Amino acid sequence: MTAPTACGHTGVEAETLFDAQDPATGDAFTIIRCRRCDLAQTAPAPTDAELDGYYPRGYHSTTKRYRGGIDRVLSMVHRSRIRSIERLVGGPGSVLDVGCGPGVLINQMRSRGWRVRGTERSPSAAQQARDVFHLDVGAVDVDELVAAGATYDAVVLWHVAEHLHSPAATVRGIARLLRPGGVLLIAVPNFGSPEARVGRAGWFHLDVPRHLVHFTPSTLTAILDAAGFRPVKVTHLVPEYDLFSFVQTVENRLGLPPNLLYDVLRRPEARLRRQRSGRLQEIVAVGTAVPLSIAAVVIAPLAAAARRSATIAVYAVRLPDQRE
Ligand SMILES: [Zn+2]
C-alpha cells in the first residue's frame with residue numbers, strides 16, 4: 001500500500017483497512033492507516049484540483065440547505081456552542097471560522113457582539129456569506145493570516161479538518177493565530193466510534209474522497225497536543241450530526257442507494273447525488289427513517305454517555321508559548 005501523506009509519515013508502510021466508494025460518483029478508494037501514528041486516511045488522496053470535481057455544486061453553497069424547521073433547530077444548537085466558547089475566553093471577542101461555508105455560525109456570533117472573520121475555499125459559499133450576511137469571507141489560507149500577524153480569541157474548525165491534506169499543519173498555524181488562552185473549537189467525525197466500525201464503507205461520515213483523514217479521539221488529541229493545545233472540553237453529542245448519521249448509516253447498510261435520505265431531505269438545488277433514484281426507493285428511505293430516528297434518539301445519547309459518539313467536538317485552549 002502507498003505511504004500515507006496526511007500525517008507526514010512518508011515511507012511508512014500503511015495498513016489497508018477496507019475499500020469504499022464515493023456515494024456521489026461511485027469512484028473507488030481505500031481507507032488506510034499509518035502504522036506509526038495510527039491516523040486513518042483516504043487513498044489515493046485526490047489533488048486540490050481533482051477535489052474540486054468531487055464537491056457537487058450544492059455541497060455548502062446555500063444558507064438554507066434543509067427543508068422544514070431544521071435550520072431553526074441548528075441556530076439553537078449554535079447558540080449553546082457559542083456560549084461555551086464565550087465562557088472559556090471570557091465573553092465575545094474576535095473569532096476566525098476556518099472553512100466557514102456560507103457563514104451561518106459567525107453571522108450568529110456577530111449578533112452576540114463578536115468581531116468575526118471567515119475563510120472559505122468554495123467561491124459560491126464565500127459569495128453567499130458576503131451577499132446574504134455581508135460577512136468578511138474569502139479564500140484565504142491560515143498561513144497567509146499567520147504571515148499577516150492576525151490574532152484571535154477563538155478559532156473554529158468545524159468539520160473541516162477531515163477535508164485537509166495536512167490537518168496537523170493547519171492546527172499548528174491556528175495555534176499561531178490564537179492568543180495564549182484563546183480557544184480552538186474543532187469538530188470531526190469519530191472514526192473510532194461503534195457507528196463507524198459497524199458502518200464501515202457505508203458509514204455516513206466516511207464520505208470519501210471529500211474526507212481525506214479519519215480521526216479517532218486519540219489521533220485528534222495527538223495533533224492538538226503537538227500544536228500546543230490543551231483540550232478542556234469534549235462534546236460527545238453533536239445532535240445535528242449524530243442523530244441523522246445513525247439513520248443514514250443504517251439505511252446504507254440495509255442496501256438503499258448510499259446517502260439517499262440525505263439527498264431527499266435537502267432542497268433540490270443542494271442535492272449531492274448525480275443519479276436520480278426511483279420514487280419507490282425514496283419513499284422507502286423516508287419511511288424507514290421514522291423508526292430509525294426513534295432508535296437514534298435512544299442510541300445517540302447512550303453512545304455520547306459512553307463517549308463513543310459518531311462525531312466529537314473538542315474545545316482546546318492554546319497554551320502559552322514556551323519561548324515567550
Ligand atoms: Zn503517520
Side-chain angles (χ1 to χ4, degrees), residues 1-22 27-51 54 98-99 121 141-143 146 155 157-178 184-201 203-231 234 236 307-316 318-319 322:
M1 197 64 238
T2 51
T5 53
C7 59
H9 292 141
T10 49
V12 183
E13 200 192 332
E15 178 186 0
T16 299
L17 298 181
F18 55 87
D19 295 326
Q21 283 187 332
D22 174 10
D27 291 356
F29 297 88
T30 302
I31 307 301
I32 61 170
R33 183 164 56 197
C34 176
R35 287 186 199 272
R36 189 175 301 173
C37 71
D38 272 350
L39 190 65
Q41 303 162 42
T42 299
T47 63
D48 278 337
E50 288 167 342
L51 276 172
Y54 282 110
V98 177
R121 259 189 85 222
D141 279 342
V142 164
D143 289 343
V146 171
V155 173
L157 200 59
W158 190 263
H159 284 267
V160 166
E162 65 271 24
H163 295 265
L164 301 174
H165 280 106
S166 181
T170 299
V171 169
R172 280 196 303 273
I174 288 170
R176 299 180 63 187
L177 288 176
L178 278 168
L184 167 62
L185 169 57
I186 180 170
V188 295
N190 180 3
F191 188 64
S193 63
E195 187 181 289
R197 285 165 196 221
V198 172
R200 279 174 76 87
W203 183 40
F204 175 63
H205 287 297
L206 195 67
D207 205 22
V208 295
R210 289 161 293 279
H211 291 185
L212 301 170
V213 180
H214 312 280
F215 296 99
T216 62
S218 59
T219 55
L220 178 63
T221 304
I223 285 172
L224 292 170
D225 285 347
F229 285 99
R230 183 166 53 88
V234 182
H236 279 269
R307 308 178 75 75
R308 310 288 295 278
S309 310
T311 68
I312 50 171
V314 178
Y315 298 78
R318 201 275 226 182
L319 299 171
Q322 300 302 315

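Just so it is clear, the values below take in all heavy atoms, side chains as well, and ignore hydrogens, waters and symmetry mates. For ligands, and for the atoms within them, numbers begin at 1 and follow the listed sequence. None of these values were measured; they are calculated from a predicted model.
Counting only distance, with no hydrogens or angles, the side chain of Arg318 and the backbone of Leu184 share no donor-acceptor pair below 3.5 Å.
Every residue meeting the side-chain contact (heavy atoms from CB on, under 4.5 Å) condition with Ala169, not counting sequence neighbours, appears here in chain and number order: Ser166, Arg172. When the side-chain contact (heavy atoms from CB on, under 4.5 Å) test is applied to Asp38, the partners found at least two apart in sequence or on another chain are Arg33, Thr219. Residues that satisfy the ring-ring contact (aromatic ring centres under 6.0 Å, His included) test with His205, not counting sequence neighbours, are Trp203, Tyr241.
When side chains are defined from C-beta on, His159 counts as touching Thr311, because their heavy atoms get closer than 4.5 Å.
Considering Leu212, Asp19, Val208 in turn, Val208 is the only one that fulfils the side-chain contact (heavy atoms from CB on, under 4.5 Å) rule with Phe29.
Shown are the protein N/O/S atoms under 2.8 Å from the Zn ion (ligand 1), given by residue and atom: Cys7 SG, His9 ND1, Cys34 SG, Cys37 SG.
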